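Just so it is clear, the structure is predicted and the values come from calculations on it, not from any experiment. In what follows, chains are A, B, ... by sequence order, proteins preceding strands, each numbered from 1. Below, each value reflects all heavy atoms present in this structure, side chains not excepted, and no hydrogens, waters or symmetry copies.
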Amino acid sequence: MTESPPSNFIRTIIEEDLASGRHQQVVTRFPPEPNGHLHIGHAKAICINFGLAEDFGGRCHLRMDDTNPDREEEAYVHAIERDIRWLGFDWGEHRHNASDYFDQLYAWAQHLVREGLAYVDESSIEEIRAHRGTVETSATPTPFRDRPVEASLERLEQMRRGEHPDGAMVLRARIDLASPNMQMRDPIMYRIRNTPHHRTGDAWHIYPMYDWAHGQSDAIEGVTHSLCSLEFENNRELYDWYLSHLPVDNPPHQYEFAKLNLTYTLMGKRHLRAMVEEGLVSGWDDPRLPTLSGLRRRGVPPEAIRAFIEGVGVAKANSTVDPVLLENAIRDELNHRAPRLMAVLDPLEVVVEGWEGGTDLLDASHWPHDVPREGSRQVPFSGRLFIEASDFEIKPPKGFKRLAPGRTVRLRYAYVVTYSGHEVDDGGRVIRVRVRLEPGTRGGTAPEGLKVWSTLHWVDADRAAPIEIRLYDRLFSVPAPGTERDFREDLNPDSLSVVIARGEPSLARIEPGQHVQLERTGYFYAEPDSAPGAPVLNRVVSLKDTWAKRTAATAATAATAATAAPARSGGPPAQTPQQPTRAALSAGASALVERGLSASEASTLDGDPSLMRLFDEAVAVYDNPKGIASWIVTELAREAKGRALESIPIEGRSIGALAALIDEGAITHAIGKTVFQEMIAGGGDPRAIVEAQGLRPIDTEQALQPTVDQVLAEFETRVAAYRGGRTGLLGFFIGQVMQRTGGRADPQLVRELLQRSLA
RNA sequence: UGGGGCGUCGCCAAGUGGUAAGGCACCGGGUUUUGGUUCCGGCAUUCGCAGGUUCGAAUCCUGCCGCCCCAACCA
């Protein structure tokens, strides 16, 4: 992993913060609530927070968000720590708890009360809810909102001491009942919980809400970048509000990213809990579960999880990732670290006719030719063996490369054999295949000229060890379980099947916790608590199997053809309303359209009096309504979005003058754009700006041709590509010329010269 | 009839006015004592839709459409 990890928007923010000196180092944190087990979705947050800190030489804290004694337990704490360590991350000395800050939080709460920014509300839960309003209607104050500071302080103290029952009253921040952001409508800071806490015992009878604890904890710890998932976007305003009203020096900032979703997977606490409690799975660490403990028990290496997370990326778009991505990461990791062994899951007996070699011991490498590792073992061969039943076909289908009547195949590391006969039972099932040995093929080398169809894995029948193998498959059989019906009905009935396989002798000796590849079958992991000498193998992931995929695909197409599934149509095409038509325009806008503006320009101007004023002023100076309108609408409107137009020093008559300059040919439109930016930033007259900055256009052939030639000479291969048909490259060449001329070249002319030179 | 976000290939995802990166999947082909691995090649004239600005738009402007989040004394 020497390549730098892919960039993402958070990385960009951190780089900028470091470059600008806003922060000297990066401090992040992973803040789980100790009320459940970590799953692969958490792994994303863990990798982002710890990974970023690691990459930028900062640190990442592990902080238990233990603010709710009703649902949190000590036991989860250890499981969480273990899982994070297993992933390979280390919080060093920074193992914190929100509960470490209860004293500070309380002091700060008193501070806010004294500032008139918080109050104790004795309304009932129902009353508070009723007063909160809806997303579309504003909240109303409860009778306690304007009570004296002293009364709140006193009540708060009583709450803390446990003098009131649960639910009797709460401390609320006094923010804005009319806020369109529901989080800001006087959020609750403290609620009464007369419940002992797993860390603070019965010291407290009030516990902070998430929002009241989180940002403050970040600030106390000196966190710089507080990274969380998208659903907290609405909370950011509150996060900032609390910190801005507290004596905090370098407030942390919150950034949100999309959390991980997987198809065929359910990760919600509620679902996981239900599956565990209802016995649908064997426990939190069931190898089919996406919990980290489950993945660990299944044998997924933590490195694979990290690689997977890195592959998924970090962005703000809600997305759902296919688990095959994880499977790939697992194979990638295990390919170079799992020694190869052989086992047959569904045995078919093969007898070598005339075998008289007794027990031959063959040397078999643990590694294929392309994995540069040493090591081998001996496998016994005594003339009677098992191969995989699916490796023999009486009537081989097209494309089948394995054993069939008349064919010669290689037994891996052993001999090349040729079919000589087979026996079937009463039901027509093949029960035995007879083969004869090809001479001179010991070790599997084929003599010149002998056609070998394929290589088969096998085990010696007499020495085969019975091995319990657990074949895991996806837990759910549909991509989005629980959406069409109860999730329980979407469970994959074949998510676990147990087989007793026949393994080569050395397989019985593998250590619990070890990975192996069973050749041609998959990667397996010896259950850590399986008995030495009697390993139980979990299938971590199967090998890719293009043959199986092909047969499955043909079967599937046959099935869909049979049911003649109707093509999924999207219904009637969505109708997208157009721009306001002439008829729909207001009178003012219509008048503008008369003067040459487009409908959208007209309605934008007409809808904003200050823009309209600028427009009128500009047109009074120079009569080109259309040109002026487009400057105002496309260039100015953007600037006016974030701030009041009045704060922008640009003047109407300057805009008119600019339009005139362009129409006169004194400057190009491209230069005009630079000038316009200048006018937005500092006002001023366009002519003066042009002079001051030396923005005279370069618009003669003589002046431009050398630059054009230079660019063409520099990018010979692109020139060739252009001539070869990649005409899209023209924009690239123009861009180069524009850059070299500081934007002063006349793009129209550049285009012409370029086209002429490239012809 | 609110507010906050997000729409780039089948699935993720870069890109922020100048050649639409990359990964997975998929399709060809080479190597191969694993139908594995690996290697080569192919795979978005187009970025939710429609207008506009510009020499040039995924990127700027306008309108529209779709999806997610917010009315726990959960986090």
Side-chain angles (χ1 to χ4, degrees), chain A residues 6-8 31 33 35 65 67-68 71 125 128-129 132-139 166-167 170 179-183 185 188 190-193 209-211 214 230-237 256 258 263 311-313 315-322 324-325 328 331 335 340 368-371 399 401-402 410 412-413 443-446 452 454-455 457 517 519-521 543-548 550 574-580 598-601 603-604 630-631 633-635 637-638 668-670 673 718 721 726 728-736 738-739 746-751:
Chain A
S7 182
N8 60 57
E33 185 190 14
N35 78 335
D65 215 344
T67 58
N68 188 344
R71 35 186 249 170
I125 186 167
I128 289 179
R129 214 170 286 174
R132 187 145 32 216
T134 71
V135 290
E136 286 167 3
T137 63
S138 125
D166 287 15
V170 292
S179 173
N181 181 355
M182 300 298 291
Q183 311 292 339
R185 321 245 266 223
I188 291 166
Y190 278 112
R191 76 291 217 189
I192 299 172
R193 278 297 115 91
M209 299 290 291
Y210 164 84
D211 291 291
H214 202 86
L230 250 28
E231 70 260 37
F232 292 101
E233 280 175 324
N234 297 315
N235 298 54
R236 189 175 58 233
E237 191 180 357
E256 310 86 12
T263 47
V312 166
K316 293 192 72 148
N318 277 318
S319 57
T320 305
V321 173
D322 191 322
V324 299
L325 215 59
N328 271 304
R331 291 189 193 103
N335 178 41
R340 319 289 137 122
H369 62 93
D370 48 85
V371 176
K401 297 203 309 195
R402 281 101 86 141
R410 169 167 36 236
R412 181 145 230 229
Y413 296 126
T445 46
V452 177
S454 61
T455 301
H457 65 284
Q517 184 197 103
E519 296 217 28
R520 302 214 297 139
T521 301
L543 253 32
K544 276 198 210 165
D545 187 345
T546 37
W547 172 246
R550 224 174 94 187
Q575 189 185 336
T576 52
Q578 303 294 298
Q579 297 287 305
S598 72
S600 72
E601 288 165 341
S603 42
T604 303
S630 63
W631 280 108
V633 167
T634 61
E635 299 295 322
R638 167 185 32 192
T668 62
H669 189 278
K673 226 160 157 172
R718 284 181 172 85
R726 295 207 56 180
L729 249 19
L730 184 62
F732 169 77
F733 294 125
I734 297 175
Q736 287 297 322
M738 293 305 290
Q739 245 171 52
D746 176 356
Q748 195 78 263
L749 183 57
V750 172
R751 172 176 290 263

**OP:** Could you pull out all residues at least two apart from Tyr210(A) that satisfy ring pair (Phe, Tyr, Trp, His ring centres under 6.0 Å)?
**Re:** His214(A), Phe232(A)
Original post:
Does a donor on one side chain and an acceptor on the other come within less than 3.5 Å for Arg520(A) and His457(A)?
Top reply: yes
Original post:
So Glu33(A) and Asn35(A), side chain to side chain donor-acceptor pair (under 3.5 Å) or not? Walk me through it.
Top reply: CA-CA 6 Å; Glu33(A) 185 190 14; Asn35(A) 78 335; 3.2 Å; yes
Original post:
To the nearest angstrom, how far is Glu635(A) atom CD from U62(B) atom C1'?
Top reply: 14 Å
**OP:** Could you measure between the two P atoms, the one in G66(B) and the one in G28(B), and give it in whole Å?
**Re:** 40 Å
Original post:
Say you pick atom P in C9(B) and the same atom in U46(B); how far apart are they, in whole Å?
Top reply: 13 Å
**OP:** Tell me, please, which residues at least two apart from Thr137(A) pass side chain to side chain donor-acceptor pair (under 3.5 Å).
**Re:** Thr134(A)
Subject >> Distance (rounded to the nearest 0.5 Å) between Thr668(A) OG1 and Leu749(A) CG >> reply: 11.0 Å
Subject >> Atom-to-atom span, CG of Asp746(A) to P of U54(B) - whole angstrom >> reply: 14 Å
Subject >> P spacing across the pair G10(B) / C43(B), given as an integer number of angstrom >> reply: 15 Å
Original post:
What is the per-nucleotide protein-contact pattern of nucleotides 6-12 of chain B, from the 5' end, where B denotes a base atom under 4.0 Å from a protein heavy atom, S denotes such proximity for sugar-phosphate atoms only, and - denotes neither?
Top reply: S----SS
Original post:
Taking C-beta and beyond as the side chain, do Asn234(A) and Asn181(A) meet within less than 4.5 Å on heavy atoms?
Top reply: yes
Original post:
Does a side-chain heavy-atom distance below 4.5 Å link Thr67(A) with Met209(A)?
Top reply: no
Subject >> Between A75(B) and G36(B) - C1' atom distance, rounded Å >> reply: 44 Å
Each nucleotide N or O in nucleotides 35-41 of chain B that has a protein N or O under 3.5 Å away: list the pair and distance.
from: G35(B); atom 1: OP1; to: Arg520(A); atom 2: NE; distance (Å): 3.4
from: G35(B); atom 1: OP1; to: Arg520(A); atom 2: NH1; distance (Å): 2.6
from: G35(B); atom 1: O3'; to: Thr546(A); atom 2: OG1; distance (Å): 3.1
from: G35(B); atom 1: O2'; to: Asp545(A); atom 2: OD1; distance (Å): 3.2
from: G35(B); atom 1: O2'; to: Thr546(A); atom 2: N; distance (Å): 3.3
from: G35(B); atom 1: O2'; to: Thr546(A); atom 2: OG1; distance (Å): 3.4
from: G35(B); atom 1: N7; to: Arg402(A); atom 2: NH1; distance (Å): 2.0
from: G35(B); atom 1: O6; to: Lys401(A); atom 2: N; distance (Å): 2.8
from: G35(B); atom 1: N1; to: Gly399(A); atom 2: O; distance (Å): 2.9
from: G35(B); atom 1: N2; to: Gly399(A); atom 2: O; distance (Å): 3.3
from: G36(B); atom 1: OP1; to: Thr546(A); atom 2: OG1; distance (Å): 3.2
from: G36(B); atom 1: N1; to: Asp370(A); atom 2: OD2; distance (Å): 2.9
from: G36(B); atom 1: N2; to: Asp370(A); atom 2: OD1; distance (Å): 3.1
from: G36(B); atom 1: N2; to: Asp370(A); atom 2: OD2; distance (Å): 3.4
from: U37(B); atom 1: OP1; to: Lys544(A); atom 2: NZ; distance (Å): 3.4
from: U37(B); atom 1: O2'; to: Asn335(A); atom 2: ND2; distance (Å): 3.3
from: U37(B); atom 1: O2; to: Asp370(A); atom 2: OD2; distance (Å): 3.2

Original post:
When you compare C11(B) with C74(B), how far apart are their C1' atoms, in angstrom units rounded to a whole number?
Top reply: 32 Å
Subject >> Nucleotide pairing, RNA chain B (Watson-Crick or G-U, distances under 3.5 Å), in dot-bracket with [ ] and | >> reply: .(((((((.[[[..)..(...]]].(((((.......))))).....[[[[[..)....]]]]])))))).....
Subject >> Min side-chain heavy-atom separation Glu519(A)-Leu543(A) under 4.5 Å >> reply: no
Subject >> Spacing of the P atoms in G22(B) and G42(B) (rounded, Å) >> reply: 10 Å
Original post:
Using atom C1' of each nucleotide, how far apart are U59(B) and A14(B) to the nearest Å?
Top reply: 13 Å
Original post:
With nearest nucleotides of RNA chain B determined for Gly444(A) and Ala258(A) from heavy-atom distances, which residue corresponds to the more 5′ nucleotide?
Top reply: Ala258(A)
Subject >> Syn-anti status, with the boundary at 90° from 0, for the nucleotide A72(B) >> reply: syn
Subject >> Value rounded to 0.5 Å, distance of CG in Asn318(A) from CD in Glu231(A) >> reply: 9.0 Å
Subject >> Pairwise C1' distance for A13(B) and G52(B), with rounding to whole Å >> reply: 30 Å
Kindly give the atom pairs (protein nitrogen or oxygen, nucleotide nitrogen or oxygen) under 3.5 Å for nucleotides 69-75 of chain B.
from: C69(B); atom 1: O2; to: Asn234(A); atom 2: ND2; distance (Å): 3.2
from: C70(B); atom 1: O4'; to: Asn234(A); atom 2: ND2; distance (Å): 3.1
from: C70(B); atom 1: O2'; to: Gln183(A); atom 2: NE2; distance (Å): 3.2
from: A72(B); atom 1: OP2; to: Arg129(A); atom 2: NE; distance (Å): 3.3
from: C73(B); atom 1: OP1; to: Arg132(A); atom 2: NH2; distance (Å): 3.4
from: C73(B); atom 1: OP2; to: Arg132(A); atom 2: NH1; distance (Å): 3.4
from: C73(B); atom 1: OP2; to: Arg132(A); atom 2: NH2; distance (Å): 2.9
from: C73(B); atom 1: O2'; to: Arg193(A); atom 2: NH2; distance (Å): 3.2
from: C73(B); atom 1: N4; to: Ser123(A); atom 2: O; distance (Å): 3.3
from: C73(B); atom 1: N4; to: Ile125(A); atom 2: N; distance (Å): 3.2
from: C73(B); atom 1: N4; to: Gly167(A); atom 2: O; distance (Å): 3.0
from: C74(B); atom 1: OP2; to: Arg191(A); atom 2: NE; distance (Å): 3.0
from: C74(B); atom 1: OP2; to: Arg191(A); atom 2: NH2; distance (Å): 2.8
from: C74(B); atom 1: OP2; to: Arg193(A); atom 2: NH1; distance (Å): 3.1
from: C74(B); atom 1: O3'; to: Arg191(A); atom 2: NH2; distance (Å): 3.2
from: C74(B); atom 1: O2'; to: Arg71(A); atom 2: NE; distance (Å): 3.1
from: C74(B); atom 1: O2'; to: Arg71(A); atom 2: NH1; distance (Å): 3.1
from: C74(B); atom 1: O2'; to: Arg71(A); atom 2: NH2; distance (Å): 2.9
from: A75(B); atom 1: OP1; to: Thr67(A); atom 2: OG1; distance (Å): 2.6
from: A75(B); atom 1: OP1; to: Arg191(A); atom 2: NH2; distance (Å): 3.0
from: A75(B); atom 1: OP2; to: Tyr210(A); atom 2: N; distance (Å): 2.9
from: A75(B); atom 1: O3'; to: Asp65(A); atom 2: OD2; distance (Å): 2.9

